[in-house]
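Here the structure comes first, spelled out in structure tokens, and everything after it is commentary.
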Amino acid sequence: MIDAVGQPQSLLVLGGASEIAQAVVASVAGRRCRTVVLAGREGPRLTEAVERARSAGVDQVEAVRFEATDIEGHGELVRSLFDRFGGFDMVLVAAGVLGDQQADEHDPVGTARVITTNFTGLAAAMVAVADRLRAQGYGRLVVLSSVAGDRARRANFVYGSSKAGLDAFSQGLGDALAGTGVSVMVVRPGFVKGRMTEGMDPAPFATTPEAVAESVVRGLERDAQVVYVPGVLRWVFAVMRHVPRTLWRRMPA
Amino acid sequence: MTTPATPATPEQRATVPAAPSSPAPSGPVVVRTLLTGWGRTAPSAADVVEAVHPDVAAAAVADVAAGRLGSGRGIIARGMGRSYGDAAQNAGGVVVDGTWMDSVTAVDLETGHVTVGAGTSLESLMERFVPQGWFVPVTPGTRQVTVGGAIAADIHGKNHHRDGSFACHVTSLTLATPSGTRRVDPEGDPELFWATAGGMGLTGVVTEATLAMIPVETSYLLVDTERARDLDDVMERMVTGDDGYHYSVAWIDCQATGARLGRSVLTRGDHARLADLPTKLRADPRRARAFVPRTLATVPVTPPSGLLNPLTVGAFNELWFRKAPRREVGRPHHMTGFFHPLDGVAAWNRLYGSRGFLQYQFVVGDDQGEVVRRVIGRLAKVRLASFLAVLKRFGPGDPGPLSFPMPGWTLALDLPVGHPGLGRLLDELDDEVVAAGGRIYLAKDSRVSRDHFEAMYPRLAEWKATRARVDPDGVLRSDLGRRLGLCEDGPGSAAPTHAPTPAASRAADPPREQTR
């Protein structure tokens with residue numbers, strides 16, 4: 001169960017190999033979390049995530065195959081996991097790909113891959129999750145969005161628009177779940193230094209997976225609905241949204 | 001009589017429209033309802049059954065056990081929702097609203113033994129019986145609790161040092177369990193009786209209880225009030241003086257630091273006899289025994305979290321300390337003001353805002369007073385806005401394996417939720433309490449870790465064995481039970497594809513507001 005300071009005892013991660021997800025698992029494991037199911041792409045990264053969760057002190061860790069784009073399989077996967085574990089206190093939606101903007105904006109398949117993974121696939125999985133959480137009468141759905149979704153930029157609008165879709169969908173779902181005991185928290189990190197952004201120049205206010213994880217735990221503590229990491233980006237983007245288009249399109253990567 | 005057993009705030013039970021389906025031919029009406037405890041944290045939705053009669057409660061337990069009701073996530077009783085945490089919540093399962101079971105079924109005005117429905121509130125008992133010369137044997141800081149809840153939490157009052165806990169005054173109770181309804185008394189089945197006392201509802205639904213009231217001549221107390229300059233001072237006064245009083249409690253200003261750490265106001269008193277009262281009251285014995293509770297105010301809306309901050313609370317505490325007389329002896333106070341000062345403000349829990357609050361209450365042995373000092377010191381240091389804390393001394397412990405009291409010091413403080421690191425801080429305080437051989441109170445808890453809980457209650461295995469005797473399949477479940485590993489959900493519970501329960505079926509009914 002979730003305690004009065006928002007800490008979960010069991011966690012399902014969609015995108016379990018994600019670096020940010022690993023950091024979140026380590027953070028909640030240091031509190032009350034005893035069961036973690038990592039649903040992700042099979043491979044060494046998922047195995048590493050399992051090891052990391054175990055060493056963080058989680059009693060029960062399991063990895064299952066999850067491919068965001070395998071939309072037909074989502075319902076069955078979510079059903080079987082909730083049945084087997086008797087429910088989850090928190091579900092973290094962390095899957096996502098950055099894509100290659102320069103190539104993708106000329107490649108229908110590449111563009112579709114980014115948007116299907118980051119938005120369509122996850123939205124489909126989230127409705128299955130939401131139904132189970134609604135039935136169990138409580139739960140916290142935490143969605144990793146991005147400030148890139150606050151306003152799509154010329155330099156990464158394929159990724160940005162996929163996050164914008166995910167973000168808007170999550171907020172709508174949160175409103176649909178009001179009063180059911182289930183709540184949705186959207187997390188909007190800025191530039192996160194890590195595997196996904198390797199080789200890129202960090203943007204201003206760049207952050208780390210660990211800082212994102214701490215903000216997630218902090219958001220759980222105060223029952224937040226939207227979390228920016230770092231927090232100052234909330235105000236930065238309140239301004240960015242109103243920068244004239246002619247200037248905005250010249251924003252560097 | 002005022003309205004019985006009204007749930008405190010709309011937030012506590014906002015109704016969620018159930019999924020549409022066809023009307024059920026039979027079975028109780030069930031309404032999906034979002035519930036929290038008094039602290040308004042960690043809400044969860046459950047299918048609420050109104051137990052309009054003990055038979056309805058017993059049938060609900062049997063139906064859930066047989067899989068005819070609910071979706072496999074068990075059942076728990078709920079009274080007036082005054083437990084601070086998740087004790088009377090059952091996410092995705094069935095919750096029996098016991099507040100309808102409020103009838104008096106037998107009275108002996110010679111001995112003071114009364115048999116009442118478990119949903120009877122202590123307030124209602126006082127309204128009925130104080131004018132008859134009988135008072136409840138134990139009352140907590142609020143009258144807004146049911147007899148069933150008082151037993152399930154094995155509550156204590158300001159008289160624990162001489163009278164023990166509530167269940168010590170219960171001579172018999174009726175318990176609806178998955179293995180049938182039975183009368184349980186402390187002589188016939190002490191194991192089950194004492195597993196139920198303090199068992200947080202996880203041994204069954206108490207539907208009726210017989211308790212021994214205590215005789216009083218008036219509805220007043222003669223109260224001695226004194227200010228204590230610091231923690232040593234107040235503890236010294238309590239150690240030397242408490243035995244001379246029926247009731248004793250100290251209110252501590254937790255914002256005071258340094259040399260004033262633990263400054264407090266100590267109030268102690270005894271029931272007033274008619275002869276003790278001023279002439280005007282003495283001349284009118286009916287007035288001297290009158291018990292008419294009044295609500296002075298209601299907190300109408302939930303203000304933003306943060307209204308109660310170190311500044312506002314500090315100012316309140318200062319005012320309150322200065323307002324108290326330095327020393328006052330034998331002043332008559334009405335029961336309502338002495339025992340239940342906060343009941344005068346309805347829905348005061350809203351003052352903590354939408355994030356809610358929690359109460360941290362622990363007990364440590366007589367020789368562990370230092371723990372009390374360290375806890376107050378640490379909380380004062382992080383500037384957590386804590387309203388007055390309550391310090392009192394417990395007498396000998398009670399027989400229940402999960403009963404909270406043990407001889408020593410108990411401190412209770414309200415803390416707003418949302419402060420970064422509050423969870424960590426309380427875990428560290430738990431470390432201290434465990435190291436001192438103490439424990440925290442489940443009726444107040446909303447966050448203790450399983451490891452700490454198990455270390456605090458070494459007789460847990462004994463309690464689990466007794467529970468297994470009456471509920472072998474673990475049908476009685478609550479959010480608190482899940483959180484602390486007292487019960488668990490099997491695979492396949494709460495699948496939304498299940499056939500609609502009779503419950504979900506009255507969807508055509510308008511959403512339920514506060515109905516009483």
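First the proteins, then the strands, lettered A, B, ... as listed; each starts at 1.
- Looking at every heavy atom in both residues, B:Ala42 comes nearest to A:Asp3 through CB-O, 4.1 Å.
- Of the options B:Leu425, B:Asp427, B:Leu422, B:Leu426, a side chain to side chain contact (heavy atoms under 4.5 Å, CB included) to A:Val5 is made by B:Leu422 and by none of the others.
- For the pair A:Glu221/B:His419, no side-chain contact is recorded, criterion being any heavy-atom separation below 4.5 Å from C-beta on.
- No other option in A:Gly137, A:Ala224, A:Gly6 has as many heavy-atom pairs under 4.5 Å with chain B as A:Gly137.
- Looking only at side-chain heavy atoms (C-beta outward), A:Met1 and B:Gln89 stay at 4.5 Å or farther from each other.
- Atoms OG and CG, from B:Ser354 and A:Asp223 in turn, are 7.5 Å apart once rounded to the nearest 0.5 Å.
- Within the 4.5 Å cutoff, no side-chain heavy atoms of A:Gln9 are placed close to those of B:Arg482.
- What you find for B:Leu358 and A:Ala4 is that their closest heavy atoms are CD2-CB, 4.1 Å.
- Your options are B:Gly93, B:Gly85, B:Gly418, and the one with the most heavy-atom pairs under 4.5 Å with chain A is B:Gly418.
- The choice from B:Gly423, B:Ser449, B:Pro43 that makes the most heavy-atom pairs within less than 4.5 Å of chain A is B:Ser449.
- Among B:Asp479, B:Asp445, B:Asp86, B:Val448, the residue with the largest count of heavy-atom pairs under 4.5 Å with chain A is B:Asp479.
- Side-chain atoms of A:Arg32 come within 3.5 Å of backbone N or O of B:Arg447 as a donor-acceptor pair.
- A salt bridge links A:Arg34 and B:Asp451; the closest N-O separation between the charged side-chain nitrogens and carboxylate oxygens is under 4.0 Å.
- The CG atom of B:Asn90 sits 10.5 Å away from atom OH of A:Tyr138, with the distance rounded to the nearest 0.5 Å.
- Within a 6.0 Å radius of CD in B:Glu428, more than 12 heavy atoms belonging to other residues, nucleotides or ligands are found.
- Only the side chain of B:Thr41 has a heavy atom closer than 4.5 Å to any heavy atom of chain A.
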